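Below you'll find the structure, written out as structure tokens, and then a few comments.
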There are 2 protein chains.
Amino acid sequence: MTSEAAALFDAMGDPTRRAMVSLMARGPASVSALADPLGITVTAVGQHLRVLEQAGLACSEKRGRTRYCRIRPEGLDSIEAWTRQVRREWEARLERLGDMLDEMGPQAGR
Amino acid sequence: MTSEAAALFDAMGDPTRRAMVSLMARGPASVSALADPLGITVTAVGQHLRVLEQAGLACSEKRGRTRYCRIRPEGLDSIEAWTRQVRREWEARLERLGDMLDEMGPQAGR
DNA sequence: TTTTTAGTGAAGCCATCACTTCACCAATGG
DNA sequence: CCATTGGTGAAGTGATGGCTTCACTAAAAA
């Protein structure tokens, strides 16, 4: 597992950050616009935002005194890459298993 | 976000559990076969295993005195479903944005 | 049968981390 | 200018959760 994917799962492992991502998926939001529906302080949002940004799941930009936060859907890529990898590995294993049985012939296991 | 997906991200939020999944992707493993390379006790593995099972990411079966643990790749489905959902929502937003600009006509924003 | 191996359950320890408060800065509005 | 609004940084609190130890059960081996 890549360290990117690890950071992603770590970031998504928290319910508040998941909620933030869901909110931002509806469009850019200010820090307080995120804090309000979540019932937490803007300070807390700022801390979560840093984690999401470092994981590549969000980015933000300050204009005037308000900071606009957006998700980066591309950030989800390595999650999908990882799940595909696990699936592939598992299926390859089943295939190898099937090959082995084939080689052993139909009389195997009697 | 569905509660299944939440459970999945919670489960995958821990590095040890991620490592367990990676190990199991290579084939079924006993509890101690998982504990050994991870450098933790079998008790700890048992606890993680319960979380993974409840999240639908693994299943296990006890034969004799050993418990065989396997991953359930289907369990990853709702992670992918969720990432697709977020992407879709975001793209829909961009589309709406584009439509609005179209309706406003080329003279908009002057 | 005795011993060893594989795993479970309960209980406790400890570090991480989510969150708060408080002080502070900078932009905006009156 | 003064008050308000939006956000940041540092420091502290509290709870969750990952892990351990210890006592125990059951299967397999000797």
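Fair warning: this is a prediction, and the values are worked out from it, not measured in the lab. In what follows, every chain begins at residue 1, and chains take the letters A, B, ... in the order their sequences are listed.
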Between [X] (side chain) and [Y] (backbone), is there a donor-acceptor pair under 3.5 Å?
X       : Y       : value
A/Arg70 : A/Cys59 : no
B/Glu53 : B/Ser60 : yes
A/Ser30 : A/Ala33 : yes

If I take atom [atom1] in residue [X] and atom [atom2] in nucleotide [N], what distance separates them, rounded to the nearest angstrom?
X       : N      : atom1 : atom2 : answer
A/Glu53 : D/dG7  : CD    : P     : 13 Å
A/Asp36 : D/dT5  : CG    : C1'   : 14 Å
A/Leu34 : D/dT8  : CG    : C1'   : 16 Å
B/Arg18 : D/dG18 : CZ    : P     : 11 Å
B/Lys62 : C/dG9  : NZ    : C1'   : 12 Å

List in chain and number order the residues that pass side-chain contact (heavy atoms from CB on, under 4.5 Å) with A/Thr43, two or more places apart in sequence or in another chain; answer none if no residue qualifies.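 side-chain contact (heavy atoms from CB on, under 4.5 Å) list for A/Thr43, sorted by chain: A/Thr41, A/Gln47.
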Does anything in residues 23-33 of chain B come within less than 4.0 Å of DNA chain D? Heavy atoms only, and list the residues if so. none
Measure the acute angle between the ring planes of B/Phe9 and B/Trp82, then classify it against the limits of 30° and 60° as parallel, tilted or perpendicular.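 Rings of B/Phe9 and B/Trp82: perpendicular, over 60°.
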Is A/Arg50 close enough to D/dT8 that one of its side-chain N or O atoms is under 4.0 Å from OP1 or OP2 there?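 No, no such contact exists.
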Cluster overlap B/Leu23 with B/Val31, hydrophobic side-chain contacts below 4.5 Å: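 Both belong to a single hydrophobic cluster.
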Across nucleotides 17-29 of chain C, 5' to 3', mark each nucleotide with B, S or - according to how protein heavy atoms within less than 4.0 Å reach it. -SBBB-----BS-
Does the structure place the NZ or CZ of A/Arg93 under 6.0 Å from the centre of the six-membered ring of A/Trp90, at an angle of no more than 45° from the ring's axis?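 Because its charged atom sits under 6.0 Å from the ring centre and within 45° of the axis, A/Arg93 does stack over A/Trp90.
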Do we get A/Arg63 above A/Tyr68's six-membered ring, with its NZ or CZ under 6.0 Å from the centre and within 45° of the axis?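 Relative to the ring axis of A/Tyr68, which defines the angle, A/Arg63 lies inside both limits.
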